[in-house]
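What follows is a short report on a single structure.
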Amino acid sequence: MTSVDQLYNYLVVGAILFILGMIGFLSRRNLIIMFLCAEMMLQGVTLNMVAFARYHGNLQGQVFTLFILTVAACEAGLGLALVLMVYRSKHSLDVSLWQDVREPGEPPTLDDETLPPATDPQVFPTLPVSGLPVHHTQETSHV
Amino acid sequence: LLLPRPRPLPSYLGGLALLMAAFLTATRLQRIGAVDVETLLFYAFSAIAVLSGGCLVTLKNPVYAALSFAMVVLSTCGLFLLQAAPFLMAATIIVYAGAIIVTFIFVIMLAQQEGPSDADSRSREPFLASLSGFLLLVALLVALQGPESMNKVEPFALHRALVSEFSQIRSATLQHVANLPAANVAYLGRTLFTDYLLAVEIGGTLLLTATIGTILIASRRPEGKR
């Protein structure tokens, strides 16, 4: 495999990752998953950078990837803090609950059919309050 | 690839689209030369990355989605290693798979709700999103392959000529940078702290600011609303 072919293949993989992230970001409604999709788009871009760095034989691509990593870490921290704030105020992660802030004149998007009832109750691990004995109540913990 | 999230949609349709997409990309990726270890590893890693990326978009449970994102990150790190970037691989594993994933799962556990929720099992405009994604992907692929398929010129030919000229110019300084992975790290450090010193400082400041901002945002107000 010549180096151009190699570069091409890496670029294709980067493009696929980016576009998967874009599709997910556009169509999921869970805030956290939208966030993860944005991070996956960053991964695709990063892959492109590294492939170009290898192809050109210098290190600028890797340096920029390091900066992308830094910014991604900051962004993840800030974004998760914002997600927590949003969850505290609405008790849901659904972005469609925030469609009050849409453009004026846009009709609201409504869900037509109801969800099927829960077939199997999914049990997530919960975070117990530290220092207290664990008791299982209905109340979900919100810090 | 339509399979993403709409549970009401028949999933065989999504499977069909997935097969089609796989076939298309396979025809695009066809240029396999001699099969060596690097090629095999490249295909394995990229297949894992793309598959778990699809899982991330598709899966309903956010915890599984976060774990498949971890798989994406790990296989991307494998690709980094193939591209002679061992320091980046280590840093990405530590930062992403170590810190960010753990934070994500922490927040998922913190902000969970019982039962099926609107946020997890519905999607907004899956058709339009997938369609625009496909269009962009096709545009990218055509743009990547364009010059070659038009007039049999090697892609990036002009670019390569330019690059070879450049690399002749500075071959004295950066000659064996990308060759040895072990020496690569030293060169990366030298480049980082000489040419990009200002950017490194700005990055550090950004991290500090983000830390303070995160603490401010996430901490509970004393008079706060819940």
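Keep in mind that the numbers below use all heavy atoms, side chains included, and drop hydrogens, waters and symmetry copies. Chain letters run A, B, ... following the sequence lines, proteins first, then strands; residues in each count from 1.
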Among the options B:L79, B:V72, B:L192, pick out the one with the most heavy-atom pairs lying under 4.5 Å from chain A.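 When all of B:L79, B:V72, B:L192 are compared, B:L79 has the most.
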Kindly state whether the ring of B:F42 and the ring of A:Y10 have centres lying under 6.0 angstrom apart.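 Ring centroids of B:F42 and A:Y10 are less than 6.0 Å from each other.
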What part of [X] gets closer than 4.5 Å to chain B, counting heavy atoms only: side chain, backbone, both or neither?
X	answer
A:V83	side chain
A:L17	side chain
A:M22	side chain
A:I19	side chain
A:E39	both
A:A76	side chain
A:L42	side chain

Given that the side chain runs from C-beta out, which part of [X] has a heavy atom under 4.5 Å from chain A: side chain, backbone, both or neither?
X	result
B:L88	side chain
B:V50	both
B:F87	side chain
B:A99	neither
B:F104	both

Do [X] and [Y] have side chains that approach each other closer than 4.5 Å (heavy atoms only, starting at C-beta)?
X	Y	value
A:L20	B:L56	no
A:V13	B:F45	no
B:Y43	A:N9	yes

Assess the residue pair B:T76 and B:T92 against the criterion (side-chain contact (heavy atoms from CB on, under 4.5 Å)); give the C-alpha distance rounded to whole Å, side-chain angles, the decisive distance to 0.1 Å, and a yes or no. CA-CA 9 Å; B:T76 312; B:T92 310; over 6 Å; no
A:R54 side chain vs B:L82 backbone, donor-acceptor pair below 3.5 Å: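 Yes, because the side chain of A:R54 sits within donor-acceptor range (under 3.5 Å) of the backbone of B:L82.
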